[in-house]
Amino acid sequence: DAGVIQSPRHEVTEMGQEVTLRCKPISGHNSLFWYRQTMMRGLELLIYFNNNVPIDDSGMPEDRFSAKMPNASFSTLKIQPSEPRDSAVYFCASSLGLLTSYEQYFGPGTRLTVT
Amino acid sequence: AQTVTQSQPEMSVQEAETVTLSCTYDTSESDYYLFWYKQPPSRQMILVIRQEAYKQQNATENRFSVNFQKAAKSFSLKISDSQLGDAAMYFCAYRSRREETSGSRLTFGEGTQLTVNP
């Protein structure tokens, strides 16, 4: 299996621009998670989906952030407009389901730099 | 809310030696999972080991083992026979089983950077 695929691996953009991060979960996994990693806040969960439906988006920092999962094999995290404080590594993870016993498999992350 | 604390920002060990990474957590719940994740320079988050709170026996995975002290809310990771490839950032994480079917978030500690010296 190819594992969780994220694109791009690196993104550099200017403040005010729209940024779209992409994720392809492992085939057969029904749950998908978006995390953000920063030096100040560590690793934090932004939002997660089950069967393409958002379950908990309480970690999304503000309205500039939105996430979608139009089908079982694709999800996007969009930031519009982007700000320098959004600079971070964004991880996508997937699991078979929401049961706590199911392992979450992480993608390689997207390093976002907003100048 | 649950919190996870790793009090050692950095640790180092000689190759082939043993090192223990510390983790404490705070929760009012009795049923949960604890995890150790490894993040090498490639940034990939890799699950190293996990422990179910209701199991008294400490989990082991080859050279990796944990010391789970539920009453003390302590969950340390022991790496035996350290190898150069073990060098990475290690994160301790907590996940509640309270919402078993609707899911619950992983709460991570701040991480411990492990250096393995040849």
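The figures that follow rest on heavy atoms only: side chains count, while hydrogens, waters and symmetry mates do not. Residue numbers start from 1 in every chain, and the chains themselves are labelled A, B, ... in the order their sequence lines are given, proteins ahead of strands.
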> When you group the ILVMFWY residues by side-chain heavy-atom contacts below 4.5 Å and let the links chain together, are A:Leu77 and A:Val53 in the same group?
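In one cluster with A:Val53: A:Leu77, no.
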
> Could you state whether A:Val114 and A:Val89 fall into the same hydrophobic cluster, counting links through intermediate Ile, Leu, Val, Met, Phe, Trp or Tyr residues with side-chain heavy atoms under 4.5 angstrom apart?
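No.
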
> Within a reach of under 6.0 Å around NZ of B:Lys73, are more than 12 heavy atoms found that belong to other residues, nucleotides or ligands?
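Check passes, neighbour count above 12.
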
> Measure the spacing between CZ of A:Phe106 and OH of B:Tyr37 and express it to the nearest 0.5 Å.
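If I round to the nearest 0.5 Å, the distance is 5.0 Å.
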
> Just checking B:Lys78: does its NZ atom have more than 12 heavy atoms from other residues, nucleotides or ligands closer to it than 6.0 angstrom?
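No, NZ of B:Lys78 has 12 or fewer neighbouring heavy atoms, counting only those of other groups under 6.0 Å.
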
> Chain A heavy atoms under 4.5 Å from B:Gln39: which part of the residue, side chain, backbone, both or neither?
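For B:Gln39, the side chain is the part near chain A, not the backbone.
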
> Taking everything shown except B:Gln56 itself, do over 12 heavy atoms lie less than 6.0 Å from its CD?
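For B:Gln56, atom CD is not crowded (no more than 12 foreign heavy atoms under 6.0 Å).
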
> Given the rule that I, L, V, M, F, W and Y join up when any side-chain heavy atoms are under 4.5 Å apart, are B:Phe75 and B:Val48 in one cluster?
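Same cluster.
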
> For A:Gln37, is it the side chain, the backbone, both, or neither that has a heavy atom closer than 4.5 Å to a heavy atom of chain B?
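Just its side chain gets close to chain B.
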
> How many angstroms lie between CD in A:Glu103 and OH in B:Tyr33, if you round to the nearest 0.5 Å?
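Atom-to-atom, A:Glu103:CD and B:Tyr33:OH are 11.5 Å apart.
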
> Just wondering, more than 12 heavy atoms not from A:Arg111 lying within 6.0 Å of its CZ?
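No, CZ of A:Arg111 has 12 or fewer neighbouring heavy atoms, counting only those of other groups under 6.0 Å.
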
> Let me know if A:Tyr102 has heavy atoms under 4.5 Å from chain B in its side chain, its backbone, both or neither.
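Interface part for A:Tyr102: backbone (N, CA, C, O).
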
> What part of A:Arg41 is in contact with chain B, defined as an atom under 4.5 angstrom from a non-hydrogen atom: side chain, backbone, both or neither?
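Neither; nothing under 4.5 Å.
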
> Could you tell me the separation between the OH atom of A:Tyr105 and the CD atom of B:Gln44, rounded to the nearest 0.5 Å?
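Taking OH in A:Tyr105 and CD in B:Gln44, the distance rounds to 12.0 Å.
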
> Kindly indicate, with the supporting measurements, whether the criterion side chain to side chain contact (heavy atoms under 4.5 Å, CB included) is fulfilled by A:Phe33 and B:Leu106.
CA-CA 10 Å; A:Phe33 306 79; B:Leu106 272 169; over 6 Å; no

> Heavy-atom distances under 4.5 Å only: say whether B:Tyr32 touches chain A with side chain, backbone, both or neither.
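Neither the backbone nor the side chain of B:Tyr32 comes within 4.5 Å of chain A.
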
